[in-house]
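What you are looking at is a predicted structure, and each value in this text was computed from that prediction instead of being measured.
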Amino acid sequence: MSRKRSDIKVSDLHCHILPGIDDGAENIDISKELIEAEKKCGVNQIMFTPHFWADSMGYDSFFAEREEAYSQIKLICDAVGIETKTGSEVRMIPQLEDIDLTRFVMGDTGYLLLEWPFIMYPLWGDSIVKKLLNQGIRPVFAHVERFDYFLDYPERLDRYIESGCLCQANGGAVIHPQMQKKVLDMIRDGRIHILSSDTHNLDQRPPRLDEAFEIILKHLGSGIEDKMTAIADDIYNGRDVHADVPGRKKLFGFL
């Protein structure tokens, strides 16, 4: 990956490497292998983001389990020179209206990784996004390319981006032959700002950020590659990120 600013580090803001906490790494040995794979991809900073479902998980037990899992691999990351923080991948469900979401942000930042529902576009989604923004939290939409209502109608993201939201895609989607064109178009048009691994294991979902960025470099140029790397680094370090609204005039009546 080519980066013009020497201080920018490659960040993976979405992964499931913590051992035994969700559907990601089953144990510490797999976690260690995934960390080594991330290092080979050129990753310098990792945000660990286990799943959180407000309708089936207790808040205190979630944080306790996350801390226990994190303590098992932090030394491994330190040994290979990878900086780390913890966050959460929060599933968007109506119950989020009733809880304090500031506890689920990425590390010490004002950003939160938010996963939309897979089945259909929720009519109450705007309310959750508005709540986050009113709490001073910037939502980062997880793997937007996995939702047909965004992949097939990417303009739906525009008003959220205008309000301050950011969008993440998985590196695997850039590599995938059937998805590649649509995802590259969304990146080019400013509807995807961040590339992360969303790695779960070494078989079906390994870290492949280096391959994905090479494809972006080939098709979209070093400017976009540099910008995406810089935005992820800024989010990891809690800096304010300003994303351009994709080619449209300001709309009224939202947020």
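Residue F118 holds its CZ atom at 8.0 Å from OH of Y149, rounded to the nearest 0.5 Å. The structure places CG of L133 at 11.5 Å from CD1 of I128, a figure rounded to the nearest 0.5 Å. Between the CD1 atom in I46 and the CD1 atom in I17 there is a gap of 4.5 Å [rounded to 0.5 Å]. For the atom pair L195 CG and N170 CG, the distance stands at 8.0 Å (nearest 0.5 Å). Rounded to the nearest 0.5 Å, atoms NE2 (H219) and CD (E225) are 13.0 Å apart. Interatomic distance, S127 OG to E97 CD, rounded to the nearest 0.5 Å: 3.5 Å.
H176 places a side-chain N or O within donor-acceptor distance of the main-chain N or O of Q178, the cut-off being under 3.5 Å. Within the 3.5 Å criterion, the main-chain N or O of C167 finds a donor-acceptor partner in the side chain of H193. Without hydrogens or angle criteria, R208 side chain to S197 main chain gives no donor-acceptor distance under 3.5 Å. Using modelled atom types, one side-chain atom of Q180 and one backbone atom of V174 make a donor-acceptor pair closer than 3.5 Å. At distances below 3.5 Å, at least one donor-acceptor pair connects side-chain atoms of Q168 with backbone N or O atoms of H143. A donor-acceptor pair under 3.5 Å is formed between the side chain of N201 and the backbone N or O of Q204. Without hydrogens or angle criteria, T49 side chain to C15 main chain gives a donor-acceptor distance under 3.5 Å. Here the side chain of K131 pairs a donor or acceptor atom with the backbone of L96 at under 3.5 angstrom. Using a distance-only test at 3.5 Å, with no hydrogens or angles considered, no donor-acceptor pair links the side chain of D198 to the main chain of H14. Looking at D22, its side chain does come within 3.5 Å of a backbone N or O of G24 through a donor-acceptor pair.
Here the side chains of P246 and E155 are not in contact, with every heavy-atom distance at 4.5 Å or above. Proximity of P117 to W124: side-chain heavy atoms (C-beta onward) are separated by under 4.5 Å at one or more points. A heavy-atom distance below 4.5 Å is found between the side chains of H51 and E115. Using a 4.5 Å cut-off on side-chain heavy atoms (C-beta onward), V43 and L209 make contact. Between Q45 and K85, the closest side-chain pair of non-hydrogen atoms is not below 4.5 Å. The shortest distance between side-chain heavy atoms of I137 and V105 falls below 4.5 Å. F147 places none of its side-chain heavy atoms less than 4.5 Å from the side chain of Y121. Taking the side chain as every heavy atom from C-beta outward, P19 and I73 approach each other to under 4.5 Å.
A salt bridge does not link E36 with K39: every distance from a Lys NZ or Arg NE/NH1/NH2 to an Asp or Glu carboxylate oxygen is 4.0 Å or more. A salt bridge is defined here as a Lys NZ or Arg NE, NH1 or NH2 lying under 4.0 Å from an Asp or Glu carboxylate O, and K40 with D210 fails to meet this definition. For the pair K182 and D185, the salt-bridge criterion is not met [side-chain N within less than 4.0 Å of a carboxylate O].
The aromatic rings of F141 and W116 lie perpendicular to each other, with more than 60° between the two planes, well past the 30° mark.
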For this session: Might you work through the ring pair (Phe, Tyr, Trp, His ring centres under 6.0 Å) test for F63 and F52, ending with a clear yes or no?
Result: CA-CA 10 Å; F63 292 122; F52 176 76; 7.1 Å; no
Problem set entry | Working for side-chain hydrogen bond (donor to acceptor under 3.5 Å, both in side chains), residues Y160 and D126 | CA-CA 9 Å; Y160 298 111; D126 289 3; 2.4 Å; yes
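The minimum heavy-atom distance linking G58 with S61 is given by the pair O-OG, 3.0 Å. Listed here is the closest heavy atom pair of P139 and L114: CB-CD2, 4.5 Å. In this structure, V183 and E145 approach most closely via the heavy-atom pair CG2-CB, 3.9 Å.
Both the sub-6.0 Å distance and the 45° axial angle are satisfied by R156 relative to the ring of Y153.
Annotation for L13: hydrophobic cluster partners, listed by chain and number, are M47, M106, Y111, L113, V140, L166, I194, I231, I235, Y236, V241 (ILVMFWY side-chain heavy atoms under 4.5 Å, direct or chained). Summarising the hydrophobic clusters (Ile, Leu, Val, Met, Phe, Trp, Tyr; side-chain heavy atoms under 4.5 Å, direct or chained), the residues clustered with L75 are none.
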